[in-house]
Asker: 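Structure in structure tokens, see below.
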Amino acid sequence: MTRVYVPADSGALAVGAEEVAAAIGAEARERGANIEIIRNGSRGLYWLEPLVEVETARGRVGYGAIDPSKVAGLFNAGFLTGGGHGDCLGLVEELPYLKRQTRLAFARCGRTDPLSVEAYRAEGGMRGLARALQLGAKATIAEVSSSGLRGRGGAGFPTGVKWSTVAAANADRKYVVCNADEGDSGTYADRMLLEGDPFALIEGMAIAGFAVGASHGYVYIRSEYPHAFATFRNALDKARGAGWLGPDAFGPGKGFDLEARLGAGAYICGEETSLLESLEGKRGQVRPKPPLPALKGLFGKPTVINNLLSFASVPWILAQGAKAYAGFGTGRSRGTQPFQLAGDVKYGGLVELAFGVTIRQLIEDFGGGTRSGRPVRAVQVGGPLGAYFPQSLLDTPLDYEAMLAAKGMLGHGGVVVFNDAVDLARQARFAFEFCAKESCGKCTPCRIGSTRGVETLDKIIAGRNVADNIALTRDLCETLTDGSLCALGGLTPLPVLSALDFFPEDFATAPRLAAAE
Amino acid sequence: MTGKAPWDAGEARAMIAARSAEPGAMLPILHDLQQTFGYIDDAAVPLIAEALNLSKAETLGVISFYHDFRRAPVDGAVLKLCRAESCQAAGCEDLVAHLASHGVELDAQDGGPLRAESIYCLGHCALSPAALIDGRPVARLDERKIDAILAAAKSRPQ
């Protein structure tokens, strides 16, 4: 029996993986070949999807990108024994794109059937929770603290501090909530993990629940990810079947369980307090802080709310030790970050690396430049609220502090490449437009300022009173930065100001304002 | 969307009752209703309000807050085309123009064989431009693929 892997990741499905799997199955039946098709997650090498892998004596041999018309040719070339073919990539794990990465959170993603409990265990799963149970709650939090793990949603708050606050809070009930409302454009790491290694999230949340004394948790997944939601719900059932969740998850009588909840298309629900409101069944409007969710969160109870990638990093930290994790990274950014290459890029995909790699290394060494062949003009880092970087700043390292110093932010690690056709005045307008569309309406700077921003940018683009309107835009940005209740209004100025500062030539006839100041 | 059940108050009431004891049941109930009927009928509002002990205004407030919930049924296929930054960088606005040249305006209220809506990020940014067609993911879109989607929408029985 030969094992053939065809991803069921929705990215692979979007370029025909289902048809490829069906064609391989049909061809094997016709030829009497004895194969087992395993639907794995994606390795994150998206330009090679659908990426078919065959298990051979020397390792897993890859073929990509495959479409159904190539399937008969693969059989003719003897791909079931790793035979040569025009699309043969050799051993997948020797591909430089993968080999140069440091995959901790994504170590298993793409290797296994994401819904196989046995495969998860065989690949080192559940060792983190086992060690946590052995260490006890206090020592588990100490381990997370000393690993240096910070919130991977973008704010970079120390995870250990959050957990200790919840652990110390006195309440009859506490919650663990995962923010899987990955709304930032250019990011897809959460989706990949939900579809490719969901048990890692379940294990990470279980460790958190054990550490802070919570018995119930929620995973809030955005509705734009229907496939991820379905896969994760299946994973929850399997985890209950394996006893990883349920009334005796942490030992006899010590229960822990999780529930998956579907968002409804509101970007703002990625903000933690609106996410909690949404889980409670309300409009996803931002809550003022304090009180912190750690003390008064879901249904008014102490709540650990972390990004999916934070939770998914925890099993590795517990299994391998905080010291090993803290050994990666730079400055106060410890460990690894799954970066996501997107936009006009030749080799788009997930690149998990220690903090400190530069934007240029990422887009050139991994991304291979633009797919269109046109020169790179701007790179947006950190989603729709992230800054646009010009060529001259591409050597900025990707870590929390360096990005802040460059007036940007790391966000969720999305890196979107734009070629020279981009018009940064239009991108600045889009930033305001998006903010207006997604504003929850609670605070005035965001609700009204975003619309005024669109109007002002329209005037600039039309060439009306450009210098005055640029000054007005900057003034508006100041109001949004200082006066907004949450990061949506507070960070919308980042893309706008970076466009103005680094690409003044795109702002029609009066780009000289910066020089005149 | 075609293939959905016609509005049925009794069925809706049973679906609401099945969930109403869950904490924060509102969104799961709304998703169930939309999944079954394709939209949230106005007649569902008092039913939900009563079951969750809320006012009708509060219930309506939640429904109208979220982009996903529809207040009227949709005939024909639904294309949700991503218009966020990664897809912009890969030319999604050219596809918007291409659709318009075939008479399909994005986010238009009137019906047709294909309803096209803007969406912001589907997580297929390494394969931009991307979309969902009736919930099915499609990526690396170009004019040829859009034409095929249009043709399929026009040819299917209404």
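Convention: sequence-line order gives letters A, B, ...; per-chain numbering from 1. These values consider heavy atoms only, across backbone and side chains, with no hydrogens, waters or symmetry-generated copies. Everything numeric in this text was worked out from a predicted model, so none of it was measured.
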Asker: Looking at chain B, which one of A:His227, A:Glu280, A:Gln285, A:Arg222 has the largest number of heavy-atom pairs inside 4.5 Å, strictly under?
Answerer: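 Most heavy-atom pairs under 4.5 Å with chain B: A:Arg222.
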Asker: Measure distances from A:Ser10 to the heavy atoms of chain B and classify the residue's part below 4.5 Å as side chain, backbone, both or neither.
Answerer: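 A:Ser10 touches chain B through backbone and side-chain heavy atoms alike.
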Asker: Highest number of heavy-atom pairs under 4.5 Å with chain B: which of A:Ala342, A:Gly265, A:Gly281, A:Ala264?
Answerer: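 Option with the top pair count is A:Ala264.
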Asker: With a 3.5 Å distance limit and no angle check, can you tell me whether A:Arg261 reaches the backbone of B:Gly24 through a side-chain donor-acceptor pair?
Answerer: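 A pair under 3.5 Å: yes.
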Asker: Might you confirm whether atom CD of B:Glu93 has over 12 heavy atoms from other residues, nucleotides or ligands at distances under 6.0 Å?
Answerer: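 Yes, because the 6.0 Å sphere around CD of B:Glu93 holds more than 12 heavy atoms from other groups.
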Asker: Quick check on B:Pro23 against chain A: is it the side chain, the backbone, both or neither that has a heavy atom closer than 4.5 Å?
Answerer: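 Its backbone and side chain both get close to chain A.
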Asker: Which residue in the set B:Cys87, B:Cys125, B:Cys82, B:Cys121 passes side chain to side chain contact (heavy atoms under 4.5 Å, CB included) when paired with A:Ser185?
Answerer: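 Result for side chain to side chain contact (heavy atoms under 4.5 Å, CB included) with A:Ser185: B:Cys121.
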Asker: I want to know whether A:Tyr267 and B:Tyr120 have ring centres closer than 6.0 Å.
Answerer: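 Here the rings of B:Tyr120 and A:Tyr267 have centres that are no less than 6.0 Å from each other.
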Asker: Quick one: CG on A:Leu341 to OG on B:Ser86, what's the gap to the nearest 0.5 Å?
Answerer: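 One finds 10.0 Å between CG of A:Leu341 and OG of B:Ser86.
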Asker: Side chains of A:Lys282 and B:Phe65, heavy atoms from C-beta outward: is any pair under 4.5 Å?
Answerer: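 Not in contact.
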Asker: What part of A:Leu279 gets within 4.5 angstrom of chain B, counting heavy atoms only: side chain, backbone, both, or neither?
Answerer: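 For A:Leu279, the backbone is the part near chain B, not the side chain.
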Asker: Which atoms of A:Asp190 come close to chain B, meaning under 4.5 Å heavy atom to heavy atom: side chain ones, backbone ones, both, or neither?
Answerer: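 Neither part; nothing is under 4.5 Å.
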Asker: Among A:Gly16, A:Gly383, A:Cys440, which has the most heavy-atom pairs under 4.5 Å with chain B?
Answerer: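 The answer is A:Cys440.
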Asker: Less than 4.5 Å to any heavy atom of chain B: does that hold for the side chain of A:Glu259, its backbone, both, or neither?
Answerer: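 A:Glu259 touches chain B through side-chain heavy atoms alone.
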Asker: Check whether A:Leu298 gets within reach of chain B through its side chain, its backbone, both or neither, counting any heavy atom under 4.5 Å.
Answerer: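 Interface part for A:Leu298: neither.
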Asker: Is it the backbone or the side chain of B:Leu127 that comes under 4.5 Å from a heavy atom of chain A, or both, or neither?
Answerer: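 For B:Leu127, the contact with chain A is made by the side chain alone.
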Asker: Would you mind telling me which of A:Arg371, A:Glu49, A:Met192 has the largest number of heavy-atom pairs within less than 4.5 Å of chain B?
Answerer: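 When all of A:Arg371, A:Glu49, A:Met192 are compared, A:Arg371 has the most.
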Asker: Determine the option with the most heavy-atom pairs under 4.5 angstrom with chain B, choosing from A:Ala431, A:Ser278, A:Gly349, A:Gly284.
Answerer: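 Counting heavy-atom pairs under 4.5 Å, the top option is A:Gly284.
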Asker: Hey, which of B:Pro129, B:Ala131, B:Gly123 has the most heavy atom pairs under 4.5 Å with chain A?
Answerer: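 When all of B:Pro129, B:Ala131, B:Gly123 are compared, B:Gly123 has the most.
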Asker: Which value, rounded to the nearest 0.5 Å, describes the distance between A:Leu262 atom CG and B:Leu30 atom CG?
Answerer: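 Between A:Leu262 CG and B:Leu30 CG, I get 11.5 Å after rounding to 0.5 Å.
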Asker: Could you go through the side-chain contact (heavy atoms from CB on, under 4.5 Å) check for A:Glu438 and B:His67 one step at a time?
Answerer: CA-CA 9 Å; A:Glu438 298 299 335; B:His67 298 308; 3.1 Å; yes
Asker: Can you establish whether the number of heavy atoms outside A:Arg233 located under 6.0 Å from its atom CZ is more than 12?
Answerer: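 Atom CZ in A:Arg233 is not packed in, count stays at 12 or less.
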Asker: What are the two closest non-hydrogen atoms of A:Gly343 and B:Ala89, and how far apart are they?
Answerer: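 Of all heavy-atom pairs spanning A:Gly343 and B:Ala89, the closest is CA-CB, 4.0 Å.
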Asker: Out of A:Gly11, A:Gly348, A:Ala266, A:Pro226, which one racks up the most heavy-atom pairs below 4.5 Å with chain B?
Answerer: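 Option with the top pair count is A:Gly11.
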Asker: A:Arg191 and B:Leu122: which non-hydrogen atoms are nearest, and at how many Å?
Answerer: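 Scanning both residues completely, I find the closest heavy atoms to be CD-O, 3.9 Å.
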Asker: Name the option with the most non-hydrogen atom pairs under 4.5 Å to chain A; the candidates are B:Ser128, B:Ala84, B:Gly61.
Answerer: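 Ranked by heavy-atom pairs under 4.5 Å with chain A, first place is B:Gly61.
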Asker: Is it the backbone or the side chain of A:Ser372 that comes under 4.5 Å from a heavy atom of chain B, or both, or neither?
Answerer: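 Contact with chain B involves no heavy atom of A:Ser372 at all.
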Asker: Do other residues, nucleotides or ligands put more than 12 heavy atoms under 6.0 Å from B:Glu22 CD?
Answerer: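 Counting other residues, nucleotides and ligands, CD of B:Glu22 exceeds 12 neighbours.
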Asker: Which atoms of A:Tyr218 come close to chain B, meaning under 4.5 Å heavy atom to heavy atom: side chain ones, backbone ones, both, or neither?
Answerer: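 Side chain only.
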Asker: Determine whether a donor-acceptor pair (N or O, by modelled atom type, separation under 3.5 Å) exists between the side chain of B:His31 and the backbone of A:Ser223.
Answerer: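 Pair absent, no side-chain N/O of B:His31 close to backbone of A:Ser223.
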Asker: Working note: A:Phe430 + B:Gln88, criterion side-chain contact (heavy atoms from CB on, under 4.5 Å); need CA distance, chi angles, decisive distance, verdict.
Answerer: CA-CA 10 Å; A:Phe430 176 75; B:Gln88 291 168 10; 3.4 Å; yes
Asker: Give a yes or no answer on whether the side chain of A:Arg283 reaches the backbone of B:Val62 with a donor-acceptor pair at less than 3.5 Å.
Answerer: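 Flag not set: sc A:Arg283 to bb B:Val62 has no pair under 3.5 Å.
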Asker: Any side-chain heavy atom of B:Glu85 sitting closer than 4.5 Å to one from A:Gln427?
Answerer: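 Yes - at least one pair of side-chain heavy atoms lies under 4.5 Å apart.
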Asker: Given that the side chain runs from C-beta out, which part of B:Arg83 has a heavy atom under 4.5 Å from chain A: side chain, backbone, both or neither?
Answerer: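 Just its backbone gets close to chain A.
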Asker: Quick check against the 3.5 Å criterion: does B:Tyr66 have a side-chain atom that pairs as donor or acceptor with the backbone of A:Gly263?
Answerer: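 Flag not set: sc B:Tyr66 to bb A:Gly263 has no pair under 3.5 Å.
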